[in-house]
Amino acid sequence: MRRAFSKKHTVLMMIPVVLIALYLVLVAVIMITAQISDYTYLGNVVLSLLIDPSHLVLMVFLPLLIMLLLFRFILGGYACRYKANNLEFVVYRKGSAIINLLYKDAVSVEYKPLKLLWFEQGFHVIITMKKYTLEFDCVELSFRKRQHPEDLPFDIIRQKIEEQNAETPEKIPTVDQSELIAQGTLRRAYSAKTAALLMIPVVIVAVYLLVMAFFIIRSIATRAMLIAPALWWILLYILPEAVVEAVLFKIVIRGYDCTYKANDTEFTVFGKNEIIMHVLFKDAVDVEYKPMKFLWVEQGLRVIIKTKNNTYSFDYVTPSRRYLREHGDIPFELIRSKMGEQNAD
């Protein structure tokens with residue numbers, strides 16, 4: 001099955017689509033304006049394109065094709081795998097569990113229509129558990145034949161809930177009485193693939209800035225443009241785009257929000273709709289930090305947590321440069337302190 005990109009990722013990936021769409025509109029406006037001022041203009045353009053159609057391909061068809069392919073890619077989301085047995089339902093993404101739930105803890109499954117702009121994209125699945133809620137934006141595999149909620153893998157959960165309610169209708173769910181000793185938010189760096197996708201609009205704007213800067217410098221050098229108009233060009237076509245460039249790059253560098261909770265026995269990190277990391281203190285062996293960079297910018301620390309059965313890696317985006325040197329306030333230090341207490345016992 002496929003999952004829709006998050007809203008933040010979708011907005012960022014739609015930037016090149018919007019830029020190409022604006023370019024096509026600009027080409028159309030230029031041609032219409034030129035036709036109004038000169039009735040023979042459009043005929044000459046059509047004639048030249050018939051003689052040499054490569055210009056038409058490069059100016060219109062290729063940008064239009066790229067825009068449609070990008071939009072189709074965004075609309076289609078990304079692939080996930082799922083496994084289900086008589087006890088649990090697990091959704092995987094590149095070997096990591098996005099959703100991992102036990103049927104006995106599930107309460108209900110709800111479906112809502114999911115749209116991207118005016119296109120029906122699939123279903124927004126809401127899984128209510130006894131202690132929390134999971135969400136999954138499930139994308140249609142085929143846009144010709146519409147799916148029904150009963151066709152989705154999540155209907156397995158709904159069926160199991162109905163079976164459990166039929167078997168034990170009087171059962172009252174128990175509540176975990178473990179008290180939280182810490183909770184809060186932290187930021188995680190995007191994966192390499194996601195960061196590369198998010199950098200597409202950054203690169204597009206950077207190329208635009210380089211071209212405009214070269215044009216202005218060359219015009220001044222050849223005296224084709226005076227200093228005063230050049231300053232206006234810089235204010236209108238350089239500075240706003242430079243601010244956009246800095247903001248886009250900052251968004252990529254800062255990663256995305258996660259939450260963490262810890263009680264006396266375990267440390268858990270949650271994404272928006274998934275459990276990213278679940279560590280039992282009794283199984284923890286070591287916590288290690290390594291510097292992490294994005295391109296030339298110091299981004300944070302790669303946290304490596306070794307347990308008896310597994311090794312977890314978390315790309316932690318630090319709030320400030322101080323955290324790169326001093327690790328005392330980092331939430332993962334709680335695991336190290338609990339390891340020390342257990343070793344002392």
Side-chain angles (χ1 to χ4, degrees), residues 1-28 57-82 89 91-99 109-127 133-157 188-205 207-208 244 247-248 251-252 255-257 271-274:
M1 60 181 170
R2 302 188 69 83
R3 186 186 192 188
F5 294 108
S6 66
K7 291 183 179 179
K8 182 186 290 186
H9 291 179
T10 301
V11 170
L12 290 172
M13 287 189 289
M14 281 293 291
I15 291 176
V17 177
V18 174
L19 292 175
I20 296 175
L22 291 176
Y23 160 78
L24 293 173
V25 172
L26 179 62
V27 170
V57 172
L58 292 175
M59 288 178 58
V60 179
F61 290 147
L62 184 60
L64 180 62
L65 178 62
I66 293 173
M67 182 184 71
L68 293 176
L69 290 176
L70 285 173
F71 188 75
R72 181 64 180 82
F73 171 78
I74 297 169
L75 196 65
Y78 56 90
C80 297
R81 299 174 58 193
Y82 74 93
F89 183 92
V91 179
Y92 294 94
R93 167 66 172 166
K94 292 184 177 180
S96 300
I98 298 174
I99 291 179
V109 180
E110 182 182 358
Y111 302 96
K112 293 183 179 180
L114 178 67
K115 285 189 176 184
L116 178 60
L117 300 180
W118 56 88
F119 291 94
E120 292 186 2
Q121 195 177 13
F123 293 97
H124 179 64
V125 186
I126 303 172
I127 308 169
T133 300
L134 297 172
E135 298 180 6
F136 190 96
D137 290 335
C138 192
V139 174
E140 295 273 13
L141 296 177
S142 173
F143 296 101
R144 295 181 180 179
K145 183 180 179 182
R146 310 308 302 180
Q147 286 183 313
H148 298 283
E150 293 78 12
D151 301 327
L152 300 178
F154 297 98
D155 202 56
I156 298 173
I157 305 172
R188 187 188 190 191
Y190 293 111
S191 65
K193 184 177 180 179
T194 302
L197 290 173
L198 297 178
M199 281 296 292
I200 292 176
V202 178
V203 173
I204 291 174
V205 177
V207 171
Y208 165 84
V244 172
V247 171
L248 290 174
I251 290 174
V252 180
Y256 59 96
D257 281 329
K272 183 180 179 181
N273 303 317
E274 60 183 310

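Because the structure is a prediction, the values reported are computed rather than measured.
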Exercise. Can you tell me how far the CD1 atom of Ile126 sits from the OG1 atom of Thr133, to the nearest 0.5 Å?
Worked result: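 Nearest 0.5 Å value for the CD1-OG1 distance: 8.0 Å.
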
Exercise. NE2 of His9 to CD1 of Ile251: how many Å apart, nearest 0.5 Å?
Worked result: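 Result: 10.5 Å between the selected atoms.
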
Problem set entry | Main-chain N/O of Ala79 paired to Arg3 side chain as donor or acceptor, under 3.5 Å |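 No; zero donor-acceptor contacts below 3.5 Å.
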
Exercise. Where the side chain of Arg2 meets the backbone of Gly77, is there a donor-acceptor pair that is under 3.5 Å apart?
Worked result: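 Yes; judged by distance alone, with no hydrogens or angles, the pair exists.
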
Can you name the side-chain contact (heavy atoms from CB on, under 4.5 Å) partners of [X], sequence neighbours left out?
X: Asp155; result: Tyr111, Glu150, Arg158, Gln159
X: Leu64; result: Leu24, Met67, Leu68
X: Leu197; result: Met13, Phe73, Ile200
X: Val25; result: Val29

Exercise. Is the number of heavy atoms from other residues, nucleotides or ligands within 6.0 Å of NZ (Lys112) greater than 12?
Worked result: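 No - once you tally the heavy atoms of other residues, nucleotides and ligands closer than 6.0 Å, there are 12 at most.
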
For this session: Decide side chain to side chain contact (heavy atoms under 4.5 Å, CB included) for Leu248 and Val244; before the verdict, give the C-alpha distance in whole Å, the side-chain angles of both, and the deciding distance to 0.1 Å.
Result: CA-CA 6 Å; Leu248 290 174; Val244 172; 3.8 Å; yes

For this session: List for me each residue that meets ring pair (Phe, Tyr, Trp, His ring centres under 6.0 Å) alongside Tyr92, sequence neighbours excluded, and say none if there are none.
Result: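 Checked Tyr92 against ring pair (Phe, Tyr, Trp, His ring centres under 6.0 Å); zero matches.
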
side-chain hydrogen bond (donor to acceptor under 3.5 Å, both in side chains) involving [X] - partner list, sequence neighbours excluded:
X: Tyr208; answer: none
X: Tyr82; answer: none
X: Ser191; answer: Thr194

Problem set entry | Non-hydrogen atoms of Val139 and Leu75 that approach each other most closely |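 Scanning both residues completely, I find the closest heavy atoms to be CG1-O, 3.5 Å.
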
Problem set entry | Derivation of the side chain to side chain contact (heavy atoms under 4.5 Å, CB included) call for Ile15 and Val205 | CA-CA 10 Å; Ile15 291 176; Val205 177; 5.7 Å; no

